[in-house]
Amino acid sequence: MSENEKRESLNFIEQMIEDDLASGKNSFVQTRFPPEPNGYLHIGHAKSIVLNFGLAEKYNGKCNLRFDDTNPEKESTEYVNAIIEDIKWLGYDYGEKALFTSDYFDTLYEYAIKLIKKGKAYVDHQSAEEISAGKTNPTIPGIESPYRNNSVEQNLEEFEKMRAGEYAEGSCVLRAKIDMTSPNMHMRDPIIYRIKKVAHHRTGDKWCIYPNYDFAHGQSDSIENVTYSLCTLEFRDHKPLYDWLIDELEIFPSKQTEFARLNLSYTIVSKRKLLQLVNDGHVAGWDDPRMPTISALRRRGFTPDSLKKFAHKVGVARRDGITDVALLEHSVREDLNKKANRVFGIQNPLKVVITNWPEDKEEIMQAVNNPEDETAGTRDMPFTRELYIEQDDFLENPPSPRKWFRLGPDREVRLKYGYIVKCTGFKKADDGSIEEIYCEYDPETKSGQDTSGKKVKGTLGWVSAKHAVEAEIRLYDRLFKTENLNTIDDDFINHLNPDSLTIVPNALVEPSLKDAKAGDQFQFERQGYFIVDKESTDDKLVFNRTVTLRDNWSKK
RNA sequence: UGCCUUGUAGUGGAAUUGGUUAACACGCCUGACUUUGGUUCAGGAGAUUUCAGGUUCGAGUCCUGACGAGGCAUCCA
């Protein structure tokens, strides 16, 4: 039971770091988060961010934010800014400024020349198809390029011509000279520089040749003295190349370690597919609250803490699996339960007339803002003759009182912070729907000063008809109806959940919400957590449902 | 039929590095409390650690083999 008994178990990366620190192999921890600015960050990136920045915090090291911007065709400043906003929102400190691989283009160019001079790189004039064909396939040795043994002088000259724009795009590339027979395809003379006569979002027209990932990433890590370069599993095969280049270049020996990317049930985590959802209009944008992007999760009402907690709960390992979204949902509930003030919101209003309540009487009831946080205080709620409750809270023919705690003919419930009322009748509309119900309140049962001794099972939320504030509520459900989207054979678009968004245009919320501002978060009692959307206006409040409350009742 | 990574309750993920009844979390099920069918609290079910051999006093951990899963053959990252 003592403190030292509950020794926290380390994940394999922490284990490695502590071993390195202990053995003196490393004396500090430097990590980096290296997004390519070609899309928005999503929940999977959040895992990586928390891992990299979290490790730096834990071991008193540093974590750089470095944009891996070596492909000008796909990258833009819009994405850079969005990524920076997300990281700041998560609350991480990346030092003085964000770094860019493009800042190292001069150095990288020098590195290429060094490699050529060592006879370890050559300019290949074969077409893309020829190069690809030369690599053959993993089961048989590749074929050497006819340009492979050109002289250092010639390669130097031609590489300079590449840089000067004298060769057409696609006409030649710089290749590392390694081993065309390697069983590892990445070692079969990988392309390290290609011609792209495209302006770069930061360096403009300065360059018409750009290094590839393999000749940029590890080198940038090295330039930044990164000790732990953490990446996802699919880069495992690049590691020998990563090491080979650092070795040949004789630069700081950063080390790559792979971990499994996050897969989430009912969720797609692929930049390409997310882009498709946006482009094809399946969602309203990158920050559509149904998206798994960080900006969308923010708009949906997820907090930085909830995402961090989630990342820690998921853990880090080397085998890839699929995490249940329920864990994400649990993480927000856990956080918001402590932070969000409680209010009453009625999605589908049903009028209740308290027939024994005087016509014009208004009584002010005091409501607790957050039972989990005493400092949150209380608020006033006007109680009047005509109220609204949730339609779902009344049933004309309810099951037995043991199964149904809410209202029905002759049933009693408490209106929270108000009185216990008994249903004495109801009126139906022509179409058979319940138009309004009639109740009598018991004056002895006022909240806080109940002298009746009555006990009721049900407690309902309500809002005074006269004081209610209109609002639009957007109910979100999972974007996809299929649990594991990694194992489907058809187009993922076929798996979209048609009911992922339900708009409730005429909801009513309690008067205290009148001045709620975008970003304010609440728990609508018995319903879920909600956040005021950015599209909310003074005329019409708009709430996004972050997540429902846990519900042990509807499951039965 | 090449190479790399990886197989532990439904899911994620530990196991003092070869040591007794295989953590913990989510989910699920009971019960208690409750002016949220929430929260909290107490408890429970659920694993022949993919399989088959082997080494050992002792194997989830080591060895061999099989099988499964994922990745690698973009002038993407």
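Since the structure is predicted, the reported quantities are computational estimates derived from the model, not experimental observations. What you see below is based on every heavy atom in this structure, not just the backbone, and it leaves out hydrogens, waters and symmetry mates. Throughout, a chain's letter reflects where its sequence line sits, starting with A, and its residues are numbered from 1.
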Classify the nucleic acid contact of [X] as base, sugar-phosphate or nothing, counting any heavy atom under 4.0 Å across all strands shown.
X      : value
A:Y210 : nothing
A:V456 : nothing
A:Q126 : base
A:L415 : nothing
A:T232 : nothing
A:Q15  : base
A:P371 : base
A:E258 : nothing
A:G448 : base
A:N137 : base

Whom does [N] pair with, Watson-Crick or G-U wobble, provided both distances fall under 3.5 Å?
N     : value
B:C67 : B:G7
B:G2  : B:C72
B:U40 : B:A32

Within the structure, does a side-chain N or O atom of [X] lie under 4.0 Å from either OP1 or OP2 of [N]?
X      : N     : value
A:R236 : B:G71 : no
A:R318 : B:A69 : no
A:R550 : B:U39 : yes
A:R342 : B:U39 : no
A:T70  : B:C76 : no
A:H186 : B:C72 : no
A:N552 : B:G38 : yes
A:K446 : B:U35 : no
A:S132 : B:U74 : yes

Donor-acceptor pair present, [X] side chain and [N] base, under 3.5 Å:
X      : N     : value
A:T323 : B:U11 : no
A:R526 : B:U36 : no
A:D237 : B:G71 : yes

Integer-rounded Å distance: [N] [atom2] and [X] [atom1]:
X      : N     : atom1 : atom2 : answer
A:E334 : B:G27 : CD    : P     : 10 Å
A:R188 : B:G2  : CZ    : C1'   : 9 Å
A:K457 : B:G37 : NZ    : P     : 10 Å
A:F215 : B:C76 : CZ    : P     : 16 Å
A:H201 : B:A77 : NE2   : C1'   : 13 Å

Subject >> With A:D335, the side chain to side chain donor-acceptor pair (under 3.5 Å) member among A:R333, A:K339, A:K338 >> reply: A:K339
Original post:
What integer number of Å spans the P atoms of B:C26 and B:G43?
Top reply: 15 Å
Subject >> Integer angstrom distance from the C1' of B:C24 to that of B:G46 >> reply: 15 Å
Original post:
Hey, which of these two, A:H238 or A:V316, hits RNA chain B nearer its 5' end, going by closest nucleotide?
Top reply: A:V316
Original post:
Taking the nucleotide of RNA chain B with the closest heavy atom to each, which residue, A:K74 or A:L327, is nearer the 5' end?
Top reply: A:L327
**OP:** Taking atom types as modelled, find out whether A:R175 and A:S145 have a side-chain donor-acceptor pair closer than 3.5 angstrom.
**Re:** no
Subject >> Parallel, tilted or perpendicular: ring planes of A:F530 versus A:F524, cut at 30 and 60 degrees >> reply: parallel
Original post:
When the ring planes of A:F383 and A:Y419 are compared, do they come out parallel, tilted or perpendicular, using 30° and 60° as the limits?
Top reply: perpendicular
Original post:
How about A:K197: does its NZ atom have over 12 heavy atoms from other parts shown lying under 6.0 Å from it?
Top reply: yes
Subject >> Cationic tip of A:K273 above A:F492 ring, under 6.0 Å, 45° of axis >> reply: yes
Original post:
Do A:R406's NZ or CZ and the ring of A:W553 fall within the cation-pi criteria of under 6.0 Å and 45°?
Top reply: yes
Original post:
Would you call B:U17 syn or anti, using the 90° rule around 0?
Top reply: syn
Subject >> Reported CD-to-CZ distance for the pair A:E169 and A:R194, which is rounded to 0.5 angstrom >> reply: 10.0 Å
